[in-house]
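Written out below as C-alpha cells is the structure these notes cover.
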Number of protein chains: 2
Amino acid sequence: MGPAGVTTGSARPLRADAARNREKLLAAARDMFDEAGTDVSLEEVARRAGVGVGTLYRNFPTRIELIEQVYRHNVDELCASGDRLRAALPPSEALEAWLLEFVAYAASKRGLAGALRSALGDGASTVFADVHEKLQTSGSALLGAAQAEGTVRTDVETMDVLRAVSGVCVAAGDSKDPAASRLPLRLVLDGLRYQPAP
Amino acid sequence: MGPAGVTTGSARPLRADAARNREKLLAAARDMFDEAGTDVSLEEVARRAGVGVGTLYRNFPTRIELIEQVYRHNVDELCASGDRLRAALPPSEALEAWLLEFVAYAASKRGLAGALRSALGDGASTVFADVHEKLQTSGSALLGAAQAEGTVRTDVETMDVLRAVSGVCVAAGDSKDPAASRLPLRLVLDGLRYQPAP
DNA sequence: GAACTATACGGAGGCTCCCTCCGTTTAGCA
DNA sequence: TGCTAAACGGAGGGAGCCTCCGTATAGTTC
C-alpha cells in the first residue's frame with residue numbers, strides 16, 4: 001500500500017502520470033482544506049497542485065468526492081505511519097509517537113467529517129465505518145505490542161485510547177495552537193504507562 | 001406592528017416603496033429557502049421578488065443578514081397571527097390553531113437556524129434570545145387565556161407546550177408531508193385538554 | 001528504438017453567481 | 001407644481017463551476 005499504484009476499487013490501475021497528479025491534487029486539497037475549510041475554490045486547488053482543472057474534475061467529479069478522498073487519504077497516511085513507527089521504535093514509544101500524529105489527524109477531521117455528513121447524509125456512514133475499522137486495526141497493533149511488552153497498562157482498549165486523545169483535542173477547542181493540547185495530552189499518555197494494582 | 005412602517009432599529013422609517021420591496025424580498029426569500037435551502041442564488045431571489053439585485057443588496061448587504069431577517073420575519077408573523085387568533089376565536093381553539101401554525105414555523109426554522117448558527121457563531125445568540133422571548137410572550141397569552149377559561153390544564157407552561165410540539169416535528173423527521181406529524185400532534189393537543197386529578 | 005494507441009492532460013469557453021456603482025426614477029413635502 | 005432626498009435597477013467586472021476537445025505522452029508491441 002505504498003503511494004504508488006493507487007487503485008480506486010478494482011479498476012485498471014492508473015497510468016503513472018495520472019497517479020502522480022492525483023497525489024498532487026490530494027496534497028494540495030488537504031493543505032487548503034486545513035487552511036481555509038472545504039469551501040475553497042477548486043480552480044485554486046488545481047493551480048496549487050500545478051495541474052489543469054480538467055485533471056481535477058476527471059479525478060474528482062464533485063467537490064464532495066474530493067473531500068471524501070482527502071479524508072480517506074489522511075487516514076491511510078496515518079495508518080501507514082503507524083506501521084512505520086511500529087517497525088522503527090520500541091512499542092511504547094511507537095504508540096506514543098503515533099498518538100501524537102493522531103492529534104493532527106483529529107484536528108483536520110472535524111471540518112472534513114462535518115462536510116461529508118451534511119452533504120452525504122446517511123450515505124456517509126460507509127465512509128465512517130471504513131475509517132473506524134482502519135483506525136481500530138492500526139491502533140490495536142501498536143497498543144497490543146506495547147501491552148504485550150508490559151510497558152503499557154492492559155486494562156484499556158484501542159478505542160478508549162483514541163477517544164481519550166481526540167477528547168483532548170476537542171476540549172482544546174478550535175485553538176490552532178498545538179501547545180494548547182500539549183499538557184492535557186501528556187496526561188493521557190502518561191496515564192497509559194500507569195499500572196493499576198490488580 | 002402591522003406590515004407597514006417597518007423599521008430596522010430606530011432609523012428614519014423606510015419610504016413606502018422601499019418598505020414594499022423589502023416585504024416582497026422577504027416573501028420571495030422565505031419561499032425559496034423553504035423550497036431549496038439557504039444556498040439559493042440571491043439574483044434569483046431578487047428576480048422572483050420582481051426587484052433589481054441592487055435593491056436586494058441595499059436591504060440585506062449579506063446573505064446571512066437576509067437569512068436572519070427571514071427568520072425574524074417568520075417569527076413575527078407567527079406572533080402576529082397569535083394576536084389575531086386570540087381576538088377571533090375562543091381561547092382553547094385559538095391556542096390549538098396557533099400551535100398548528102407553529103408546526104410550519106418549526107419546520108422552516110431548522111434550515112435557517114442551522115445556517116445562522118454556523119455563520120454567526122456565538123453572535124447568533126441574541127437572535128435566538130429575541131426569538132425565544134417573542135414566542136414566550138405570544139404563547140403565554142394564548143395558553144394563559146385558555147387556562148383561565150378552564151379548558152386547558154393548568155399544570156403546563158408555555159415552553160413545555162412549544163417544546164412538545166416542536167418535538168413532534170423533529171420526530172416526524174424531514175418528511176415534507178404534513179400528514180406525518182398530524183396524529184402525534186393530535187395527541188399533544190388533546191393532552192392539553194386533559195385535566196389531571198388534583 | 002520506432003511506431004502505435006489508449007489514456008490522460010490542460011485550459012479556453014460558456015455559464016452562473018456575486019457584489020458594486022451610478023444614471024434614472026419617484027415618494028413625500030412645501 | 002416643483003423640488004430633493006431616497007430608492008430603484010441593471011450593466012459590468014470579477015470569480016468560480018464544469019465541459020469539451022485538440023494535444024501530449026505512457027506503456028506496449030514488434
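Quick note on labels: first sequence line is chain A, next is B, and so on, each numbered from 1.
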Output one letter per nucleotide in nucleotides 21-28 of chain C: B when a protein non-hydrogen atom lies under 4.0 Å from the base, S when only the sugar-phosphate is that close, - when neither is.
-----BSS
State which residues pass side chain to side chain donor-acceptor pair (under 3.5 Å) with [X]; sequence neighbours excluded, sorted by chain then number.
{"X": "A:Ser166", "result": "none"}
{"X": "A:Arg163", "result": "none"}
{"X": "A:Asp76", "result": "A:Lys134"}

Nearest whole Å is fine: how far is [N] [atom2] from [X] [atom1]?
{"X": "A:Asn21", "N": "C:dT7", "atom1": "CG", "atom2": "P", "value": "17 Å"}
{"X": "A:Ile64", "N": "D:dC17", "atom1": "CD1", "atom2": "P", "value": "14 Å"}
{"X": "A:Arg22", "N": "C:dC9", "atom1": "CZ", "atom2": "C1'", "value": "16 Å"}
{"X": "B:Asp39", "N": "D:dC17", "atom1": "CG", "atom2": "C1'", "value": "15 Å"}
{"X": "A:Leu66", "N": "D:dC17", "atom1": "CG", "atom2": "P", "value": "11 Å"}
{"X": "B:Leu25", "N": "D:dG9", "atom1": "CG", "atom2": "P", "value": "9 Å"}
{"X": "B:Tyr57", "N": "D:dA6", "atom1": "OH", "atom2": "C1'", "value": "22 Å"}

So does A:Ser41 get a side-chain nitrogen or oxygen closer than 4.0 Å to the phosphate oxygens (OP1/OP2) of D:dA15?
no
Does B:Thr55 place a side-chain N or O at less than 4.0 Å from the phosphate oxygens OP1/OP2 of D:dG9?
yes
Between the protein and nucleotides 1-4 of chain C, list the N/O to N/O atom pairs that are separated by less than 3.5 angstrom.
none

With sequence neighbours left out, write down each residue that passes salt bridge (charged side-chain N to carboxylate O under 4.0 Å, His left out) with [X], or none if nothing qualifies.
{"X": "B:Arg47", "answer": "B:Glu44"}
{"X": "A:Arg84", "answer": "none"}
{"X": "B:Asp155", "answer": "B:Arg153"}

Over the length of the helix from C:dG1-D:dC30 to C:dA30-D:dT1, how much do the five-pair end axes diverge, rounded to 10 degrees?
10°
With the threshold set at under 4.0 Å for non-hydrogen atoms, list the residues of residues 42-53 of chain A touching DNA chain C in residue-number order.
A:Val51, A:Gly52, A:Val53
Should the pair A:Arg117 and A:Phe128 be classed as cation-pi, given the thresholds of under 6.0 Å to the six-membered ring centre and 45° from the axis?
yes
Please list, one pair per line, the donor and acceptor atoms closer than 3.5 Å that link side chains of residues 137-144 of chain B to other protein atoms, with sequence neighbours excluded.
| residue | atom | partner | partner atom | Å |
| --- | --- | --- | --- | --- |
| B:Thr137 | OG1 | B:Glu133 | O | 3.0 |
| B:Ser140 | OG | B:Gln136 | O | 2.7 |
| B:Ser140 | OG | B:Gln136 | NE2 | 3.0 |
| B:Ser140 | OG | B:Thr158 | OG1 | 2.8 |

Given A:Leu26, A:Asp34, A:Leu112, the one that forms side-chain contact (heavy atoms from CB on, under 4.5 Å) with A:Asn74:
A:Leu112
Pairwise side-chain contact, B:Glu101 with B:Glu77, heavy-atom cut-off 4.5 Å (strictly under)
no
Between B:Arg48 and B:Asp31, is there a donor-acceptor pair closer than 3.5 Å when you use the side chain of the first and the backbone of the second?
no
Is there a donor-acceptor contact under 3.5 Å from the side chain of A:Gln147 to the main chain of A:Val156?
yes
Tell me every residue that passes ring pair (Phe, Tyr, Trp, His ring centres under 6.0 Å) with B:Tyr105, counting only those two or more places apart in sequence or in another chain.
B:Phe102
Cationic N near anionic O, under 4.0 Å, A:Asp83 to A:Arg86:
yes
Assign each of B:Arg63 and A:Asn59 the nucleotide of DNA chain C bearing its closest heavy atom; nearer the 5' end lies the nucleotide of A:Asn59
